[in-house]
Amino acid sequence: MNLHIPTLIGRKRDGEHLPANEIRALIDGYVSGEVPDYQMSAFAMAVFFKGMNAEETAALTRSMLESGDVFEHPPGHPLVVDKHSTGGIGDKVSLPLAPLVACTGAWVPMVSGRGLGITGGTLDKLESIPGFNVSVSLEAAQRQLSEIGVVMMGQTERFCPADKKLYSLRDVSGTVPSIPLITASIMSKKLAESLDKLVLDVKFGSGAFMKTEKDARTLADAMIAVGKEMNVEVHALLNPMSEPLGRTVGNALEVIESLECLDGGGPADLRELVLDLAEKISPVSRKELEALLDDGSARRKFDEIVQAHGGDPADLPNLAKIHQAPMIRELPAPDTGTIVAVDAGLIGQASLQLGAGRSRATDAVNPAVGFDQILKCGEHVHQGKPLCRIHADNLVDFEMASALLDQAFKIQP
Ligand code: URA
């Protein structure tokens, strides 16, 4: 198709709806290098201001997912499911959820990202397990699915290359927070897993990408609409992210808390959210899911995952020692009273200061640092008793983090 790109950009800038074949030609041209970054970033900015309707968003999603390889499941395969979270502070749900759902007989081909922004992503957390390899080829992933029913991996070079290229461009051109671009980016990667069912955990609040419930609803509706166009059953749950999920923030610390959940324990809010999401995509009841957490099945499946990805399950009980930060100190409460707010956004920023997250895609994350024993809203604290523990590399980092945390906890007498 001979497309005049400046005219196409101008038409989107003026608010026209573009046909699917033109969107396809633009994405194909961008992936092949014929359409340069400067034209694509102008197009992304036009979309940011003028939006896209449901048909355009679906066409963009389809073009992006077909820019690379997709999972091909054999005839007669079990139900194939996954979940996606728009991300939040202390959100470690994928770690217990993937093995739990795999225990029900469904297949979970979970392709995840690294964290960019405040905290580490699922891959960063998994990599705090010694030897855990997330760089799996599509062929190996498909083999692993048929063997243990679950794979937890990163995006390969051949998986949604259009998204890989476009997301990096959006990151440096001020065009990340656009609903159609976010929708196409997330859904292209998830639908390239060739799913039957997908559950979305769309967060809103100070520690989330979407700051208001209204924006989260708009994003959820856009993603559900794309699912409908593509014949995939998509469920969306909207969840507040005003306080961190669970009681830990930081890569190895979050794996340790995920193991508690997989052993039938852990914080109540984490367990409830894992069950809420798993229930939407599992072929079994919530009661059966609870039993799979409580009887050790989900934990055994996680050990199988670790083994399949090159790690040693025997290391899991020793993670706290393996990744012990040089400085672990309590943050004392300034007053006695009830915790009425724990600002997830500030806790996220503090974890970034400690090195748990990354500012640039190429930054390394520190697996050992972060926070644990974080008190939750509604809990009572005595003056001088800990609000949480800070795991830091050195005193300077510790002091920067504790200054932010002092503002994050609000205590009412
Ligand atoms: N996560 C993604 O994968 N893509 C976006 O555009 C935003 C969040």
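One-based numbering along the sequence shown. We count ligands from 1, going down the list as the structure has it; atoms in each ligand are counted the same way.
- In terms of heavy atoms, P130 sits closest to L319 at CD-CD2, 4.0 Å.
- By the 3.5 Å distance cut-off applied to N or O atoms, H84 is not counted among the residues near ligand 1.
- Among protein heavy atoms, the minimum distance from atom 3 (O) of ligand 1 is reached at K189 NZ, 2.5 Å.
- Taking every heavy atom of F209 and a limit of under 4.0 angstrom, the matching atoms of ligand 1 come to 7 (C).
- Nearest protein neighbour of atom 1 (N) of ligand 1, counting heavy atoms only, is I186 CG1, 3.9 Å.
- To the nearest 0.5 Å, atoms NZ (K83) and OG (S112) are separated by 8.0 Å.
- For the residue pair S402/E399, the side-chain donor-acceptor check at 3.5 Å is not satisfied.
- Against a heavy-atom cut-off of under 4.0 Å, S185 is close to the following atoms of ligand 1: 2 (C), 3 (O), 4 (N), 5 (C), 6 (O).
- Ring orientation note: the planes of W107 and H73 are nearly perpendicular, at an angle over 60° on the 30°/60° scale.
- Pairing each heavy atom of I89 with each of G348, the nearest pair is CD1-CA, 3.8 Å.
- Proximity to Y167 (heavy-atom distance under 4.0 Å) selects the following atoms of ligand 1: 4 (N), 5 (C), 6 (O), 7 (C).
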